[in-house]
Amino acid sequence: MSARDLLSWYDRCSRDLPWREDQDPYRVWISEIMLQQTRVETVIPYYRRFLERFPDVGALGKAPLDEVLSLWSGLGYYRRARQLHGAAKMVAQNGGDFPTTAAQLRELPGIGPYTAAAVASIAFGEVIPVIDGNVERVLARQLALGEDPRKISGRRKVIAGAAELLDNGRPGDSNQALMELGATVCTPRNPRCGECPLAGRCQALELDQVEMFPLPKTRKPAQRLRRRVALVLDGEKVLLFRRPQDSELLAGTWELPWVEADGKSARDSERELSLRYSGLWNLGPQVAEVRHSITFRSLRLEVHRAQISSQLTVADGPEAGWFAAEEILDLPTSSQVQKVLGAAGPGVAEQKNL
DNA sequence: CATACGTGGAG
DNA sequence: TCTCCAAGTAT
């Protein structure tokens, strides 16, 4: 049972993933950004589309931000897309050559300690351990760590453990092996300890308390919110508004007009809509209800048909536009919008019973 | 150091 | 339905 066992396990059992076809820094970088807090299965189709459209850092740097956001639509954490684009411009400016060390990579927007170490070790062979959620969990179990692996003291122990398991000859594979182990064997629930190449050195297993580690994180309870969403149609076209590029939430994406509904009458909502988006609003019947959750908020979206005065001067409010269904596919949108339009979009609204 | 940022799958 | 949380980063 040793670091060598981990690497040989990886050589035998690693998954075939599209970003493992080579060690091109651009491709490794894109995959690492997409994989931040996002599951492998979710990332794969996005990664393929993205690489097809932006095959190299030059292509990405030259592209309009809107197109990048559009290919990111539904993937979440949209700040990643803007920072990716910003970093691509910086790298392209530098002749297309990536920084080659973790310390230099760390300077690029969107690249923190984890991503810098991942790209440096995988693409450039730097001997540096990566610490992600998988590694924290694997090491917390190995060490039966009785403290939060994200706090200073715990983190020190995790780093030491990861460094010990690092193979100096193949740091990239070695790092991926530890993450792969966490993703496929040393899973949060129902770990498959019988298949673990490190089982012999696992203190949590020895105590028969594998699932007790790592210590649970404290979690903020989700807020419950009810919102009224206005579906304004002009023939096949839907009225959408763009969120400001500097908004904290879903920046730069297009959304349907909405207001908080909690404790408010439909009349209140009409007034708020006109205040926020300008124009005169008339809320019609509800045509759908959509549930959606977004970072500690669970949303109940009541979708209403609505009309707006024809003398709407959108120049007074946020950027607005009318779009047909096919056009919306090419727009930066969030998954929330896709859900609502799927449930109550043009042509569907009439068939909905509510 | 705590908090905010999206989303969808699993149990 | 509900809770947890996944290859983190920025503030």
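For the numbers below, each heavy atom of this structure counts, side chains included, while hydrogens, waters and symmetry mates do not.
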How is [X] classified with respect to the nucleic acid when contacts are heavy atoms under 4.0 Å: base, sugar-phosphate, or nothing?
X: A:Pro216; answer: nothing
X: A:Arg82; answer: nothing
X: A:Ser298; answer: nothing
X: A:Leu17; answer: base
X: A:Arg15; answer: base
X: A:Thr42; answer: nothing
X: A:Ser31; answer: nothing

- Between A:Gly182 and A:Gln83, whichever has its closest DNA chain C nucleotide further toward 5' is A:Gly182

Between [X] and [N], does any side-chain N or O lie under 4.0 Å from OP1 or OP2?
X: A:Gln37; N: C:dG8; value: yes
X: A:Arg137; N: C:dA7; value: yes
X: A:Arg224; N: C:dC2; value: yes
X: A:Lys220; N: B:dA4; value: yes
X: A:Asn190; N: B:dG11; value: yes

- Lys/Arg N to Asp/Glu carboxylate O, A:Arg201 vs A:Asp5, below 4.0 Å: no

Please find the pair of heavy atoms, one from [X] and one from [Y], that lie closest to each other, and give the distance.
X: A:Thr115; Y: A:Glu32; answer: CG2-CB, 3.9 Å
X: A:Pro171; Y: A:Gly125; answer: CG-O, 3.4 Å
X: A:Leu139; Y: A:Gly161; answer: CD1-CA, 3.5 Å

Any luck finding a side-chain donor-acceptor pair between [X] and [Y] under 3.5 Å?
X: A:Asn175; Y: A:Ser121; value: yes
X: A:Arg297; Y: A:Thr295; value: yes
X: A:Thr101; Y: A:Glu126; value: no
X: A:Ser153; Y: A:Glu147; value: yes

Value in whole Å for how far the [atom2] atom of [N] lies from [atom1] of [X]:
X: A:Tyr46; N: B:dT7; atom1: OH; atom2: P; value: 9 Å
X: A:Leu139; N: C:dA7; atom1: CG; atom2: C1'; value: 15 Å
X: A:Leu299; N: B:dT7; atom1: CG; atom2: C1'; value: 12 Å
X: A:Glu32; N: C:dG8; atom1: CD; atom2: C1'; value: 11 Å
X: A:Leu35; N: C:dA7; atom1: CG; atom2: P; value: 9 Å
X: A:Glu41; N: C:dA7; atom1: CD; atom2: C1'; value: 12 Å
X: A:Ile294; N: B:dC5; atom1: CD1; atom2: P; value: 7 Å
X: A:His292; N: B:dG9; atom1: NE2; atom2: C1'; value: 15 Å

Distance between [atom1] atoms of [N] and [M] (Å, rounded):
N: C:dG8; M: B:dC1; atom1: C1'; value: 16 Å
N: C:dT11; M: B:dG6; atom1: P; value: 14 Å
N: B:dT3; M: C:dA7; atom1: P; value: 23 Å

For the side chain of [X], counting heavy atoms from C-beta on, which of [options] is nearest?
X: A:Ile152; options: B:dG6, B:dC1, C:dC5; value: B:dC1
X: A:Pro188; options: C:dA6, B:dG8, C:dT9; value: C:dA6
X: A:Gln36; options: B:dG6, B:dG8, C:dG8; value: C:dG8
X: A:Arg39; options: B:dG6, B:dG9, C:dA7; value: B:dG9
X: A:Leu249; options: B:dC5, C:dC4, B:dG8; value: B:dC5
X: A:Glu248; options: B:dA4, B:dG6, C:dG8; value: B:dA4
X: A:Arg189; options: C:dA10, C:dC5, B:dG6; value: C:dC5

- Worked verdict on A:Tyr46 versus A:Trp72 for ring-ring contact (aromatic ring centres under 6.0 Å, His included): CA-CA 7 Å; A:Tyr46 281 88; A:Trp72 207 269; 7.6 Å; no

- Task: Kindly determine whether A:Glu195 and A:Arg192 satisfy salt bridge (Lys or Arg N to Asp or Glu O under 4.0 Å), including the steps that lead there.
- Result: CA-CA 6 Å; A:Glu195 302 173 25; A:Arg192 304 147 64 146; 3.2 Å; yes

- Query: With nearest nucleotides of DNA chain B determined for A:Ser293 and A:Lys151 from heavy-atom distances, which residue corresponds to the more 5′ nucleotide?
  - Reply: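 The 5'-side residue here is A:Lys151.
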
- Message: Let's see if you get this right: which residues in residues 71-79 of chain A place a heavy atom under 4.0 Å from DNA chain B?
- Response: A:Gly74, A:Leu75, A:Gly76, A:Tyr77, A:Tyr78, A:Arg79

- Message: Any N or O donor-acceptor pair under 3.5 Å from the base of B:dG8 to the side chain of A:Thr38?
- Response: no

